Amino acid sequence: MEDPEHTPSTTTTTTPTIANASGRRITNEVLHSAPIWPTIDGPLGLSEEESVSYARRFYKFGYALLPLLWAVNCFYFWPVLRHYRSFPRIRPYVFRSAVGFMVFTSLLGSWALTFAVGGEHLFGPVWNKLVMYNVGDKLGLTGFI
């Protein structure tokens with residue numbers, strides 16, 4: 001008897017097709033019949049109800065200046081992102097986490113590139129107040145060396 005807590009989601013997906021060397025399409029029934037689980041660890045992972053709770057927590061805590069949790073949410077619930085018609089209760093949290101992480105990464109990357117590429121040429125004399133590598137000089141911590 002199957003454990004109701006660890007049963008895969010039943011989704012209706014199209015049968016995957018693969019083109020062989022001659023260009024003929026071959027349907028892959030093995031991939032089609034494989035169960036879709038909400039987490040990357042399959043039947044060892046969380047049930048669907050627990051998954052909704054975890055995905056919601058990861059999403060909300062990502063706003064508490066922990067955007068790395070958005071990346072963890074996307075990684076752990078990768079099957080939910082991959083199979084877009086499965087798990088409609090979990091998908092909004094995982095999809096929003098993916099969008100939030102991409103926005104955060106692009107902002108952080110542009111900020112880092114601005115400082116790395118622009119530097120003193122971009123900011124002028126304010127540059128010495130913005131950089132952190134001369135904090136020891138400002139506080140007089142380098143005089144004893």
Side-chain angles (χ1 to χ4, degrees), residues 5-28 30-145:
E5 186 175 309
H6 289 96
T7 55
S9 172
T10 56
T11 59
T12 56
T13 59
T14 59
T15 304
T17 58
I18 301 170
N20 63 4
S22 65
R24 234 180 66 211
R25 295 269 184 204
I26 302 171
T27 60
N28 190 343
V30 174
L31 289 177
H32 178 67
S33 64
I36 301 170
W37 299 91
T39 60
I40 57 170
D41 42 3
L44 300 175
L46 303 170
S47 67
E48 189 170 352
E49 291 78 27
E50 291 173 320
S51 295
V52 172
S53 174
Y54 275 81
R56 184 182 305 123
R57 281 189 215 148
F58 283 150
Y59 173 67
K60 288 182 179 178
F61 284 129
Y63 281 109
L65 300 177
L66 298 170
L68 186 60
L69 286 179
W70 287 334
V72 169
N73 203 9
C74 295
F75 174 74
Y76 191 61
F77 294 106
W78 177 250
V80 175
L81 283 177
R82 191 162 171 248
H83 303 283
Y84 64 93
R85 291 186 182 178
S86 63
F87 306 106
R89 292 175 35 208
I90 303 171
R91 184 165 173 75
Y93 299 113
V94 179
F95 182 75
R96 291 176 194 156
S97 293
V99 170
F101 184 70
M102 286 190 298
V103 168
F104 170 76
T105 303
S106 63
L107 288 174
L108 182 65
S110 62
W111 174 79
L113 281 174
T114 299
F115 276 87
V117 174
E120 194 170 358
H121 300 297
L122 181 65
F123 293 102
V126 179
W127 175 252
N128 288 329
K129 294 179 183 176
L130 294 175
V131 293
M132 295 300 293
Y133 60 79
N134 61 0
V135 171
D137 292 334
K138 288 180 183 177
L139 298 176
L141 299 175
T142 58
F144 60 88
I145 296 178

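Because the structure is a prediction, the values reported are computed rather than measured. No hydrogens, no waters, no symmetry mates; every other heavy atom, side chains included, goes into these values.
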Q. Are the side chain of R91 and the backbone of V80 linked by a donor-acceptor contact shorter than 3.5 Å?
A. yes

**Q.** Residue pairs passing the side-chain hydrogen bond (donor to acceptor under 3.5 Å, both in side chains) test where at least one lies in residues 60-73, sequence neighbours excluded
**A.** Y59-Y63, N73-S97

Q) Say you draw a straight line from CZ of F58 to CG of L68; how long is it, rounded to the nearest 0.5 Å? A) 10.0 Å

Q. Out of curiosity, F95 CZ to L81 CG, how far, rounded to the nearest 0.5 Å?
A. 8.5 Å

Q. For the atom pair CG (L107) and CE (M102), what is the distance rounded to the nearest 0.5 Å?
A. 12.5 Å

Q.
Is the shortest side-chain heavy-atom distance between T39 and P79 below 4.5 Å?
A. no

Q. Honestly, is R57 close enough over Y54, meaning NZ or CZ under 6.0 Å from the six-membered ring centre and within 45° of the axis?
A. yes

Q | Minimum side-chain heavy-atom gap D41-Y76 below 4.5 Å | A | yes

(Q) So for atom CZ, which belongs to F115, do other residues, nucleotides or ligands contribute more than 12 heavy atoms lying within a distance under 6.0 Å? (A) yes

(Q) Looking at every non-hydrogen atom in both residues, tell me the closest pair between I40 and F75 and how far apart they are. (A) CG2-O, 3.1 Å

Q.
Quick test of your reading: applying side-chain hydrogen bond (donor to acceptor under 3.5 Å, both in side chains), list the pairs with at least one residue in residues 99-127, sequence neighbours left out, ordered by first then second residue.
A. none

